[in-house]
Amino acid sequence: MLDYDQPINSQAKSRDAGEPRRSQGFDVIDLVMLLWRRKAAVAAAALLCACIAVGIGKSLTPKYTATAQLYVDPRELQLVERELTPRAQDVSGLAMVVDSEARVITSNSVLLQVIKNTDLDKDPEFGGGDGKSLLGALLGLVGIEQRPTVEQQHQATMSALDALSRHINVRKTDRTFVVDIDVWSYEPVKAAMLANALSTAYLAESKQSQAAAARRATRDLSGRLKELQERLRNAENVLAVYKAQNNFVGTQDTLIADQQLSASNQRLAAARALTLDAQAKYDQIEASRRNASDPGAIPEALQSPTIANLRAQYADAKKRQAELQSELGPRHPALRQVEQQVEDLRRTIREEIDRFAQAAKNDLTRARDYEASLNKALDAQKRQSVQMSQASVRLRELERDVEASRDVYQSFLKRSRETEEQESLNTSSARVIGEATVPQRRTFPPAMSLLAMIGFVLGGLAAAAWIIAVDQLAPGADPLRPSKSTSPEKQATAAPAKQPVLSKPAPQAAVSVIEKPVIARLQESDVMRTLGGILTGGQIADVTRLGWPTLRAGFPLMTFLGAIRDMCATLKKRASASGAPVMAVIGAGPSVDRSVVALNVALSAARDGAKVLMIDADHRKRELSGKVTRLGKREAGRLGWLSIGSKATRAINTANGISILPVIEGGDARAAEAIRKSVTQARSVGGYDLIILDGPAMPWSAADRKLLELADGFLAVLPVHLDINDCMEDILSALGGAERKLVGVILNELNPTVESRQQDKQYA
């Protein structure tokens with residue numbers, strides 16, 4: 001069995017078993033005993049530091065802090081219907097408003113107002129003073145007062161502003177609208193005065209900012225009112241001119257043209273009714289005239305007095321004719337005279353009826369003419385109405401423009417009046433809920449008892465650390481006591497404990513110990529099996545269709561992948577920076593087991609995004625080459641010229657991010673030399689992140705050993721169906737002095753690969 005805790009180099013000599021070694025690190029018990037022996041020195045240092053701390057505290061100028069409390073409610077008073085700025089409704093928005101107001105308290109505008117109200121620019125504590133130079137002091141002695149210049153006054157104000165900002169601390173209590181204003185000063189009365197002045201200046205600034213905002217809004221709105229008024233006037237003028245040009249005249253509801261069209265329709269309907277009435281009357285008269293009936297029986301004749309008189313005369317003449325016919329003969333002159341009279345009356349009645357018919361015809365003609373004239377006028381009005389309808393499109397557009405301009409103007413006018421009134425209103429609900437009082441206790445420095453305690457603790461810790469450091473840096477030395485005070489007996493007793501003596505000197509050459517390789521297991525649960533040769537197809541090769549067990553897809557956290565990553569990381573550390581690292585997969589078992597493991601190692605590296613070049617270095621068994629040559633069409637790799645000796649043997653690209661270079665036909669020396677050239681070419685041109693050599697198979701020839709010198713690391717494959725101890729011993733014996741390149745060991749727990757005997761059959 002391998003013992004990775006011991007050197008692999010059998011020639012390296014270990015230390016003598018009985019050689020004493022100095023323990024590394026700290027021994028807590030020794031440190032405690034050391035500090036206990038030096039407890040007097042630690043206590044003295046602690047007391048000295050406590051006294052120094054109390055002295056420093058006494059020399060410091062005390063500071064006093066006064067606190068004023070403000071209630072900053074973001075929900076301002078709603079004195080008008082529409083405010084200038086909308087209020088935040090959610091909790092986060094309200095908290096942001098309060099935080100912003102807390103920052104406003106320490107703004108320059110508020111602090112400058114405080115400086116102006118309290119004359120801090122003349123206070124020495126805040127960088128001020130009388131502002132007099134030596135010349136000013138001399139002039140003051142003779143009664144001449146020298147006033148500071150504008151630049152000096154500005155400099156004093158800026159100095160006071162900078163000092164005041166450092167004296168102020170604004171705190172907001174969580175989940176409340178309360179803001180605490182802390183102001184410290186060397187004088188307690190001044191601290192309270194400044195805190196109250198700061199709260200008063202903030203409230204005044206808040207009111208002034210609201211008034212300024214309203215004033216600015218009023219000015220902006222008023223500036224726009226004239227422009228909006230002019231725009232409204234222009235729009236109304238354009239509308240009036242357009243109406244006049246297109247005869248849009250009428251009441252507020254309808255136009256005159258529309259009213260005339262409606263009236264013409266009504267008159268035409270009445271004229272058509274009159275025409276129909278006259279036509280019916282004329283037709284009735286004509287029908288009565290054509291018939292043999294009494295012509296005076298028509299309604300108009302019955303209503304006429306003339307016809308009625310003639311009909312009465314006709315009836316009397318007819319009666320007299322009948323009487324004379326019964327008394328006289330047909331040729332009697334009296335009878336003939338009466339008959340002539342009857343005939344005259346009948347003709348007169350007929351003529352009168354003809355006049356009625358002519359009157360009815362005239363009425364019909366007049367009604368038809370009137371109807372025709374109304375029709376003509378209505379057609380003209382209809383054409384005019386169509387023209388008006390087309391012109392009304394533009395009219396409505398102009399009216400909408402006027403209405404929109406009027407609405408905007410009225411809105412701006414109303415809003416301008418509202419903002420003008422808001423200038424004199426204070427809608428802020430911020431108020432002082434606690435005025436600052438004169439502090440009775442100082443806030444700095446702390447109490448003398450606390451200072452003494454802090455000094456005592458720090459002094460003791462410093463002394464203990466110094467004692468321990470000196471003891472570790474100079475073992476056996478006493479940092480607080482001279483060495484001569486220690487008795488020779490104690491020195492002789494303590495010497496072996498502090499400074500162990502080696503039984504023999506250390507060897508000149510250090511013994512190099514091999515780094516323990518990573519051990520991984522390739523199990524059946526890590527792989528999946530396919531039918532070799534049956535699932536092949538397409539133009540791009542797929543190594544998962546070789547018929548060998550390959551890693552399952554979609555399992556990024558399997559233990560085998562993590563072990564391969566560690567092996568690759570170790571390989572990169574050992575490899576040179578000139579090109580891609582080369583890993584040789586070796587094994588003492590069957591070649592097919594080694595090739596299966598090499599293929600899965602390549603898949604693991606490719607799954608992490610590496611571009612892998614896999615070379616079949618087993619020119620005797622050729623397990624990998626025999627598989628990939630049956631995949632289908634062979635294509636040139638990313639390096640199209642990359643080959644191992646002939647144009648027929650080129651790197652085959654696969655769909656898995658792996659390029660496979662089959663073995664070349666020939667002897668050991670020829671194949672090894674071709675592989676060496678291919679590796680050199682791949683490293684010089686680049687394009688690959690890892691180069692894997694599958695083999696060669698054991699036992700190795702001289703050419704194989706020369707080929708393995710290219711490898712930056714070896715990966716040993718141990719099949720579990722064999723004795724892994726014997727296999728590992730064979731591999732180490734074969735490696736000889738190159739066993740230090742071993743970066744990993746894989747225990748192959750897969751079942752022995754069995755080739756299918758029915759390769760020519762196709763399965764669904």
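Every heavy atom of this structure was used, including side-chain atoms; hydrogens, water molecules and symmetry mates were not. The chain is numbered in sequence order, starting from 1.
Remark: the backbone N or O of Val543 is paired with a side-chain donor or acceptor of Asn656 at under 3.5 angstrom. Side chain of Ser591 to backbone of Ala697: no donor-acceptor contact under 3.5 angstrom is found. For Asp689 (side chain) and Lys611 (main-chain N/O), a donor-acceptor pair under 3.5 Å exists by modelled atom type. For Arg705 (side chain) and Ala734 (main-chain N/O), a donor-acceptor pair under 3.5 Å exists by modelled atom type. In this structure, the side chain of Asp542 does not engage the main chain of Arg545 through any donor-acceptor pair within 3.5 Å. With hydrogens and angles ignored, the 3.5 Å screen pairs a side-chain donor or acceptor of Arg552 with a backbone N or O of Ser525. The backbone N or O of Pro549 sits less than 3.5 Å from a side-chain atom of Asn600, completing a donor-acceptor pair. Under a 3.5 Å cut-off, the side chain of Ser107 and the backbone N or O of Val104 do form a donor-acceptor pair.
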Val597 vs Leu522, side-chain contact (heavy atoms from CB on, under 4.5 Å): CA-CA, chis, key distance, verdict: CA-CA 8 Å; Val597 173; Leu522 182 59; 4.1 Å; yes
Candidate pair Leu693 and Val582, rule side-chain contact (heavy atoms from CB on, under 4.5 Å), full reasoning: CA-CA 7 Å; Leu693 299 180; Val582 179; 3.9 Å; yes
Verdict with reasoning, Arg171 to Asp182, per salt bridge (Lys or Arg N to Asp or Glu O under 4.0 Å): CA-CA 8 Å; Arg171 297 178 290 108; Asp182 298 335; 2.6 Å; yes
side-chain contact (heavy atoms from CB on, under 4.5 Å) between Leu551 and Phe560, intermediate numbers included: CA-CA 9 Å; Leu551 292 178; Phe560 181 77; 3.8 Å; yes
Intermediate values then yes/no, side-chain contact (heavy atoms from CB on, under 4.5 Å), Val679 and Ile691: CA-CA 8 Å; Val679 172; Ile691 301 175; 4.3 Å; yes
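By the side-chain contact (heavy atoms from CB on, under 4.5 Å) test, Glu524 pairs with Val527, Arg529, Leu750, Asn751, sequence neighbours left out. Taking Arg607 as the reference, nothing meets the side-chain hydrogen bond (donor to acceptor under 3.5 Å, both in side chains) condition, with sequence neighbours excluded. Remark: Ala738 engages Phe714 in a side-chain contact (heavy atoms from CB on, under 4.5 Å) (not counting sequence neighbours). Shown here are the side-chain contact (heavy atoms from CB on, under 4.5 Å) partners of Ile52, two or more places apart in sequence or in another chain: Leu48, Ile56. Partners of Asn108 according to the side-chain contact (heavy atoms from CB on, under 4.5 Å) rule, which considers only residues two or more places apart in sequence or in another chain, are Leu161.
We find that Asp618 and Arg622 are not joined by a salt bridge, their nearest charged nitrogen and carboxylate oxygen being 4.0 Å or further apart. Between Arg521 and Asp526 no salt bridge is recorded (no basic side-chain N to carboxylate O distance below 4.0 Å). For Lys741 and Asp712, the salt-bridge test fails: no basic side-chain N is under 4.0 Å from an acidic carboxylate O.
Residues Lys572 and Pro581 approach most closely at CG-CG, 4.3 Å, considering heavy atoms. Taking all atoms of both residues into account, the shortest heavy-atom contact from Ala45 to Ala463 is CB-CB, 3.6 Å. Residues Lys627 and Leu546 share a closest heavy-atom pair of NZ-O, 3.1 Å. When every heavy atom of Leu722 is checked against every heavy atom of Gly589, the shortest pair comes out as CD1-CA, 3.9 Å. Taking each heavy atom of Trp36 and Lys39 in turn, the nearest pair found is O-CG, 3.2 Å. Ala651 and Leu661 get closest at one heavy-atom pair: N-CD1, 3.3 Å.
In this structure, CD1 on Ile746 lies 4.0 Å from CG on Leu715, to the nearest 0.5 angstrom. For the atom pair CD1 (Ile658) and CD1 (Ile692), the distance works out to 7.5 Å, reported to the nearest 0.5 Å.
Between the side chains of Ser733 and Asp730, no donor N or O sits under 3.5 Å from an acceptor N or O.
Within 6.0 Å of atom NZ in Lys706, 12 or fewer heavy atoms from other residues, nucleotides or ligands are found, so the atom counts as exposed in its surroundings.
Residue pairs meeting the salt bridge (Lys or Arg N to Asp or Glu O under 4.0 Å) criterion with at least one partner in residues 579-588, sequence neighbours excluded, are absent.
Looking at Ile586 and Leu735, their side chains come closer than 4.5 Å, going by heavy atoms from C-beta outward.
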